[in-house]
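Each residue takes its place number in the sequence, starting with 1.
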Amino acid sequence: MDIEIQPVTQPKTRLEDESQLVFGRQFTDRMFVMEYDAGRGWHSARIQPYAPFSLDPAALVLHYAQEIFEGLKAFRHQDGAIALFRPMDNIRRFNRSAQRLCMPPVDEKFFLKALKELIRLESDWIPSAEGTSLYIRPTMIATEAVLGVKPSDKYLCYIILSPVGAYYKGGFKPVKIWISDQFIRSAPGGTGEVKCGGNYAASLLAARQAAEKGFDQVLWLDAVERKYVEEVGSMNICFLYDGKIVTSPLHGTILNGVTRRSILQLATEMGYQIEERAMSVDELLDGAESGRLAEAFGTGTAAVVSPVGQLTYQDRTVTIGDGQVGELTLKLFKALTSIQYGRHPDPHDWVVKI
Ligand SMILES: *Cc1c(COP(=O)(O)O)cnc(C)c1O
């Protein structure tokens with residue numbers, strides 16, 4: 001399939017000061033779009049000016065949330081090169097998400113080509129200040145206009161781009177986390193490992209309650225026993241416990257993060273033992289108090305690595321380590337971002353230059 005390139009007639013005004021970039025509020029001049037019709041497959045691939053869509057009010061996505069998305073970044077290296085980080089991992093996950101929600105897969109090679117072409121055209125939108133990047137949001141929505149519950153016969157797949165600032169403006173700062181005992185995020189057999197908007201809609205109330213109490217994020221427990229740690233908001237979570245790295249296993253209820261996978265690989269190479277196992281909330285809180293739990297950090301594309309300083313469950317609050325950024329947390333953050341920004345060699349072939 002060819003990609004039609006449409007001209008941009010009214011370029012946007014840009015934010016001059018890269019330090020003022022806010023996550024996901026500004027979008028570039030162009031977007032990639034393609035359409036799907038049952039019987040015809042994907043067609044009308046184009047890179048067109050960024051613009052609103054016109055959707056029928058009965059479009060299935062608006063009623064039954066048949067929607068999936070991805071999140072990855074393009075980085076500007078010091079020599080001017082532009083690099084994606086493990087993009088095929090995201091594209092493959094996009095297709096796994098599509099399958100779970102009865103949506104049509106995209107051709108993986110074609111999708112990478114489209115992504116690269118879009119970024120090449122928008123390359124002057126990639127910021128260059130320390131810690132900044134271009135956030136990439138592939139999305140697929142069900143557009144058939146019908147109120148019956150069924151998989152759609154029509155879809156839109158698109159990619160939008162947003163220049164984003166350094167996640168940690170005031171420096172690398174530990175977050176305060178609230179462990180929810182009332183709400184759950186996903187259950188076995190559900191959509192916990194699917195990157196879909198519906199999961200996020202269901203998580204908003206807990207996140208709002210946590211924010212009202214002064215917490216930055218919610219840590220979810222498992223749905224069956226309400227006892228074992230799953231993940232945080234939009235991040236996987238890792239612990240440095242008894243000198244080993246402990247993280248929740250991939251049993252279908254948590255997102256299989258690209259950052260998680262990369263961090264576990266780097267930590268293994270640093271000589272750490274990895275335990276993918278269930279960690280109960282009691283073990284976690286007791287560990288923080290006894291010192292067996294030395295560090296905790298979230299992993300995800302947006303923040304890369306996010307240090308956790310404090311945990312609260314019911315009326316119990318514990319501080320992790322001295323409440324500051326842990327040594328290993330910082331080391332892993334630096335190791336991964338050094339590869340992403342091309343400051344260190346990339347022995348794993350994670351970086352894909354454009
Ligand atoms: C996207 C996401 C993550 C992190 O995945 P990465 O591939 O590392 O960005 C973790 N948890 C949830 C719920 C997510 O949606």
Side-chain angles (χ1 to χ4, degrees), residues 2-35 44-55 59 61-62 67-85 87 90 94 111-141 143 156-173 195 197 200 234 300-304 306 337 340-343 351-354:
D2 286 334
I3 302 173
E4 182 203 349
I5 312 285
Q6 299 175 359
V8 169
T9 48
Q10 289 173 302
K12 298 179 181 179
T13 32
R14 315 234 177 145
L15 204 59
E16 287 302 323
D17 184 357
E18 287 183 355
S19 71
Q20 296 304 307
L21 287 169
V22 182
F23 182 83
R25 288 207 181 264
Q26 198 188 22
F27 300 96
T28 70
D29 287 317
R30 296 173 174 89
M31 61 182 183
F32 168 82
V33 184
M34 63 180 175
E35 295 165 40
S44 307
R46 59 200 185 261
I47 291 175
Q48 62 161 76
Y50 187 100
F53 292 122
S54 160
L55 282 185
V61 63
L62 303 176
E67 184 265 3
I68 55 166
F69 65 95
E70 267 305 324
L72 66 160
K73 284 174 169 174
F75 303 90
R76 190 178 288 288
H77 290 183
Q78 242 145 29
D79 63 2
I82 298 161
L84 296 168
F85 185 72
N90 293 88
F94 195 53
F111 205 66
L112 180 63
K113 189 180 102 174
L115 183 61
K116 284 178 164 178
E117 184 62 26
L118 176 64
I119 291 165
R120 207 173 286 128
L121 286 165
E122 297 293 71
S123 59
D124 56 349
W125 279 92
I126 306 176
S128 53
E130 172 78 28
T132 63
S133 58
L134 187 70
Y135 185 79
I136 304 162
R137 171 54 60 91
T139 310
M140 194 192 296
I141 58 173
T143 52
L156 263 184
C157 178
Y158 57 94
I159 305 172
I160 53 174
L161 307 174
S162 173
V164 295
Y167 199 84
Y168 299 99
K169 288 225 170 56
F172 204 42
K173 219 177 93 218
K195 218 166 169 71
Y200 279 84
S234 56
T301 295
V304 187
S306 180
T337 51
Q340 292 174 329
Y341 285 94
R343 292 187 296 259
V351 166
V352 174
K353 297 237 176 115
I354 288 184

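- In this structure a side-chain-to-backbone donor-acceptor pair under 3.5 Å is missing from H77 to K353.
- Residues I82 and S123 approach most closely at CD1-CB, 3.3 Å, considering heavy atoms.
- Nearest heavy atoms, L134 versus P127: N-CD, 4.3 Å.
- From C157, atom SG reaches atom CE of M140 across 4.5 Å, with rounding to the nearest 0.5 Å.
- No donor-acceptor distance shorter than 3.5 angstrom exists from the side chain of S306 to the backbone of A303, with no hydrogens or angles considered.
- Minimum heavy-atom separation, N90 to E70: ND2-OE1, 2.9 Å.
- Using bins of under 30°, 30° to 60° and over 60° for the plane-to-plane angle, the ring pair F23/Y135 lands in the perpendicular bin.
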Discussion item. Set out, in order, the CA-CA distance, both residues' side-chain angles and the distance that settles ring pair (Phe, Tyr, Trp, His ring centres under 6.0 Å) for F69 and Y200, then state yes or no.
Written reply: CA-CA 11 Å; F69 65 95; Y200 279 84; 5.8 Å; yes
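- The backbone N or O of L161 lies less than 3.5 Å from no partner atom in the side chain of E122, so there is not a single donor-acceptor pair.
- R30 CZ to L118 CG: the interatomic distance, rounded to the nearest 0.5 Å, is 8.5 Å.
- Partners of R46 under the side chain to side chain contact (heavy atoms under 4.5 Å, CB included) rule, at least two apart in sequence or in another chain, are E4, Q6, V33, E35, S44, Q48.
- Heavy-atom neighbours of D2 CG from other residues, nucleotides or ligands within 6.0 Å: at or below the threshold of 12.
- Between atom CD1 of residue I141 and atom CG of residue L62 there is a gap of 7.5 Å, rounded to the nearest 0.5 Å.
- Between V352 and P87, the shortest heavy-atom contact is CG2-CD, 3.6 Å.
- Looking at heavy atoms from C-beta onward, V351 lies out of side-chain contact with Q340 at the 4.5 angstrom threshold.
- The aromatic rings of F111 and F32 stand perpendicular to each other, their planes meeting at an angle above 60°, with 30° marking the opposite boundary.
- Between K12 and D29, the shortest heavy-atom contact is N-OD1, 2.8 Å.
- With values rounded to the nearest 0.5 angstrom, F75 atom CZ is found 5.0 Å from Y341 atom OH.
- Residues F53 and T143 are not in side-chain contact: their nearest non-hydrogen atoms beyond the backbone lie 4.5 Å or more apart.
- Checked by atom type and distance alone, the side chain of E67 never pairs as donor or acceptor with a backbone atom of V61 at under 3.5 Å.
- One distance of note links OG1 of T301 with CG of L72; it measures 7.0 Å at 0.5 Å rounding.
- A donor-acceptor pair is defined here as one N or O able to donate and one able to accept, closer than 3.5 Å; such a pair exists between the side chain of K73 and the backbone of A302.
- Looking at every heavy atom in both residues, G24 comes nearest to S162 through CA-OG, 3.4 Å.
- I136 CD1 to T28 OG1: the interatomic distance, rounded to the nearest 0.5 Å, is 10.0 Å.
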